[in-house]
Amino acid sequence: MNETTTMNRSAGATSRYDPRAIERKWQARWEADGIYHTPDDDPRPKWYALTMFPYPSGDLHIGHWFAMSPSDAHARFMRMNGYNVLFPMGFDSFGLPAENAAIKRGIHPADWTARNIEHMRAQMKMMGAMFDWSREIITSSPDYYKWTQWWFLQLLKHDLAYRKSQAVWWCPKDQTVLANEQVVDGTCERCDTPVTKRDLEQWFFRITRYADELLDFSRLEWPEQVTTMQRNWIGRSEGAELRFGLDVPGVDEREVRVFTTRPDTVYGVTFFVLAPEHPLVEKITTPEQRPEVEAYVAQARRESEIERMSTDREKTGVFTGAYVINLFNGERVPVWIADYVLATYGTGAVMGVPGHDQRDFEFARKYGLPVVPVFAHPDWDGGELTAALPHGGRMINSGPFDGTPDEEAIPAVIKYAEEKGYGRGTVSYRLRDWLISRQRMWGAPIPVVYCDTHGVVPVPESDLPVLLPDDAEFRPTGESPLKYHEGFLNTTCPIGGEPARRETDTLDTFMCSSWYQMRYIDPHNDERPFSRDKARKWLPVDQYTGGTEHAVMHLLYTRFFTKAARDMGIVEIDEPMTRLFSQGQILGPDGQRMSKSRGNVVAPDGEVEKWGADCFRAYLMFLGPWDQGGPYDSSGIVGVSRWLHRAWNAVTGDVTTADLPGAPSTRELRRWTHRTIQRVTSDLRHFRFNTMLSALMEFTNHLMKVRESGEPADAAAWRE
RNA sequence: GCCGGGGUGGCGGAACUGGCAGACGCAGCGGACUUAAAAUCCGCCGGCCGCAAGGCCUUGUGGGUUCGAUCCCCACCCCCGGCACCA
């Protein structure tokens with residue numbers, strides 16, 4: 001029984017781990033066998049795994065590897081667990097960099113994009129991921145943007161798209177408008193240029209209609225970080241809209257409304273403030289105050305948003321000469337304008353309650369306006385205030401409400417206001433409608449036509465796609481380059497055939513990525529964006545992964561799209577992605593964001609060349625928790641490489657074995673094996689790749705120890 | 001200011017959410033093999049005291065709960081990310 005044998009499972013005892021040969025061989029084999037081609041008609045349960053698709057900037061960088069390798073590992077894990085896994089990849093290929101490159105180098109954005117895609121696809125194949133390339137989508141290709149335009153028409157048909165003139169964010173460098181979500185600290189999200197405002201006629205999507213539903217994350221397994229960011233971005237505030245009487249000779253309006261979260265302080269109103277841009281300012285300002293008011297308005301317009309949004313600057317304002325009447329107590333209070341009041345939030349007007357709001361307090365102090373407390377806060381001694389009082393105590397100076405405790409105050413005042421017709425309880429949101437027009441050419445043309453007879457006419461679905469011309473002048477002028485392309489601009493009205501003009505703005509590229517996960521399930525369908533049956537089978541995405549930089553842009557827009565699609569009868573799901581995992585960001589070795597200008601970019605190709613793709617992938621996963629990210633320090637990769645060599649040796653090298661069932665050493669070996677399986681399974685399930693690799697390294701170390709001990713190992717346990 | 005995450009060896013990080021802190025790896029030190037080096041293998045590797053056995057200290061700071069705290073509670077400091085004059 002104890003006959004000792006030597007197992008030698010490799011071709012030769014001197015076989016060494018040669019990543020390049022192995023990877024080349026197996027990647028070619030996988031591709032030839034089409035093993036990652038995901039069938040639609042497969043009896044196994046489906047698993048839709050998705051990683052955010054890249055913009056084809058030209059080169060795959062470490063960040064792409066860091067995002068894709070672990071998600072690939074997880075997708076493979078699900079596949080090995082018996083799921084029919086869909087793990088597609090594509091390119092989010094419309095957008096400004098292509099246009100800027102075109103301007104700089106004089107080549108068409110389409111050519112630049114195509115070249116980059118080809119290169120990056122090849123780089124991604126080197127990764128050895130299980131992407132199903134037969135489903136690849138490219139958002140700038142006509143057979144894709146045809147359907148992006150189709151979505152626009154559906155939203156338009158269902159009153160979820162509309163056109164209006166509004167002051168919108170403008171990036172002077174990129175020469176285009178931006179969505180609120182693309183303005184960061186008063187600068188352009190893309191190029192950091194301070195933004196300005198312009199009054200323009202633009203297309204919007206009614207995302208605000210879904211504000212409340214978008215706040216419901218109860219069916220989602222998403223990181224709290226992301227749901228919190230979305231919650232803050234939507235910014236729901238409960239309060240009331242209150243009417244104030246307006247009695248200015250020659251002005252038609254008889255009232256002006258404010259939104260407030262503290263209607264219970266309405267008896268403490270001692271002044272009233274409008275945003276400088278508020279339309280009433282022009283009408284109600286008295287002749288004596290006009291020069292000062294106009295100067296202030298002009299200055300507010302001129303100031304950059306960064307200056308204006310600075311919270312620590314002193315409050316300024318100007319009296320308009322007009323008064324409004326507080327309907328609750330009949331008092332006349334002066335109307336001021338001040339730039340701390342935002343035209344875009346609530347009604348663009350604020351009731352000034354210096355006794356209970358610190359900003360109002362500072363403003364009243366500065367301009368000598370009276371301060372009337374309406375809650376007797378327990379900490380207040382009744383003397384003159386040095387700051388606004390916090391919530392608490394019973395109401396005072398408030399007519400019929402005197403004595404009401406603070407916790408009952410808000411509902412009581414709202415009820416009273418509704419009975420008397422002074423106002424009503426309401427909810428206000430920070431979220432604005434999504435501005436989707438862009439004055440650039442490398443995007444999907446907005447499929448509408450302007451006709452002198454029929455007005456705004458949607459392009460019929462049968463005429464889609466509205467193709468981008470391949471010979472447009474792409475220099476930015478502040479207007480879409482398409483405007484100067486006669487062949488594109490001039491068309492005929494779909495209704496009456498009259499001469500008409502095309503819309504020359506293009507769609508925000510975030511619209512392309514708002515539905516791309518639905519296209520992967522049926523990427524070659526030229527009848528519909530996707531078939532209903534396939535949607536029923538594949539949607540929603542089971543596991544999505546990507547960076548948090550898209551928390552309030554892409555991830556909010558795609559949720560809106562899904563809900564709108566559901567209400568339009570296109571899909572039967574409420575949410576696009578059930579689970580989300582946000583990976584961290586890989587930084588340069590200096591701890592700074594990798595960028596060419598800093599010179600801290602580590603090229604993945606060099607690492608792959610030197611260590612092999614598997615080693616590089618494993619090292620990225622071994623660095624630390626995936627959601628953490630951090631500086632990339634290439635000095636540690638040698639450890640992973642050593643481990644792979646050891647693992648190769650452990651599996652392929654010679655070992656002395658014998659039949660030793662039940663021996664203590666056998667029990668120990670089997671315990672190690674199964675404990676490792678358990679740890680790896682659990683870690684993989686929870687995206688804990690770093691500890692998964694530690695477990696595998698420990699196991700390898702144990703195997704090597706058994707092998708080097710000279711004692712024979714149980715043949716069956718060793719094989720296992 | 002508000003919200004979220006974090007602070008553990010020289011470094012990246014681990015510790016099954018109350019049970020031997022520092023797994024795994026990098027770097028470092030010592031050794032084996034080698035004419036030599038690389039590669040590989042073996043050993044050591046938080047700090048202080050000690051020849052040693054061993055002892056004391058140690059998870060940002062200070063307190064608390066507990067037989068027992070990196071983990072729970074209170075207060076504070078620092079770092080990262082987001083939001084921010086939102087009425």
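Chain letters run A, B, ... following the sequence lines, proteins first and then strands; every chain starts at 1.
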Exercise. Compute both the distance and the angle, then confirm whether A:R675 meets the cation-pi test with A:W672: under 6.0 Å from the six-membered ring centre, within 45 degrees of the axis.
Key: yes
Practice problem: Could you tell me whether A:R262 and A:D357 make a salt bridge, using a distance below 4.0 angstrom between a side-chain N and a carboxylate O? | Solution: no
Exercise. Please determine if A:E575 and A:R219 form a salt bridge, counting it only when a charged side-chain N lies under 4.0 Å from a carboxylate O.
Key: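 A salt bridge is absent here (no side-chain N lies under 4.0 Å from a carboxylate O).
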Quiz prompt | B:C71 and B:U59, which share atom name P, separated by this distance in whole Å | solution =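 My reading of the P atoms in B:U59 and B:C71 gives 9 Å.
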Are [X] and [N] close enough that a side-chain N or O sits under 4.0 Å from OP1 or OP2?
X      : N     : result
A:R675 : B:C16 : no
A:S635 : B:C11 : no
A:R642 : B:A27 : yes

In whole Å, what is the span from the [atom1] atom of [X] to the [atom2] atom of [N]?
X      : N     : atom1 : atom2 : value
A:D633 : B:G13 : CG    : P     : 11 Å
A:R646 : B:U40 : CZ    : P     : 10 Å
A:Q585 : B:C79 : CD    : C1'   : 16 Å

May I ask you to say what [X] touches in the nucleic acid, namely base, sugar-phosphate or nothing, with a heavy-atom cut-off under 4.0 Å?
X      : result
A:R679 : nothing
A:Q628 : sugar-phosphate
A:N690 : sugar-phosphate
A:P631 : nothing
A:R236 : nothing
A:N701 : sugar-phosphate

Quiz item: For the side chain of A:M697, counting heavy atoms from C-beta on, which of B:G25, B:G5, B:A87 is nearest?
Solution: B:G25
Quiz item: ring pair (Phe, Tyr, Trp, His ring centres under 6.0 Å): which pairs involve residues 214-241 of chain A, sequence neighbours left out?
Solution: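 Matches after skipping sequence neighbours: none remain.
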Exercise. State the pairing partner of B:A53; accept Watson-Crick or G-U wobble contacts with both distances under 3.5 Å, and report none otherwise.
Key: none
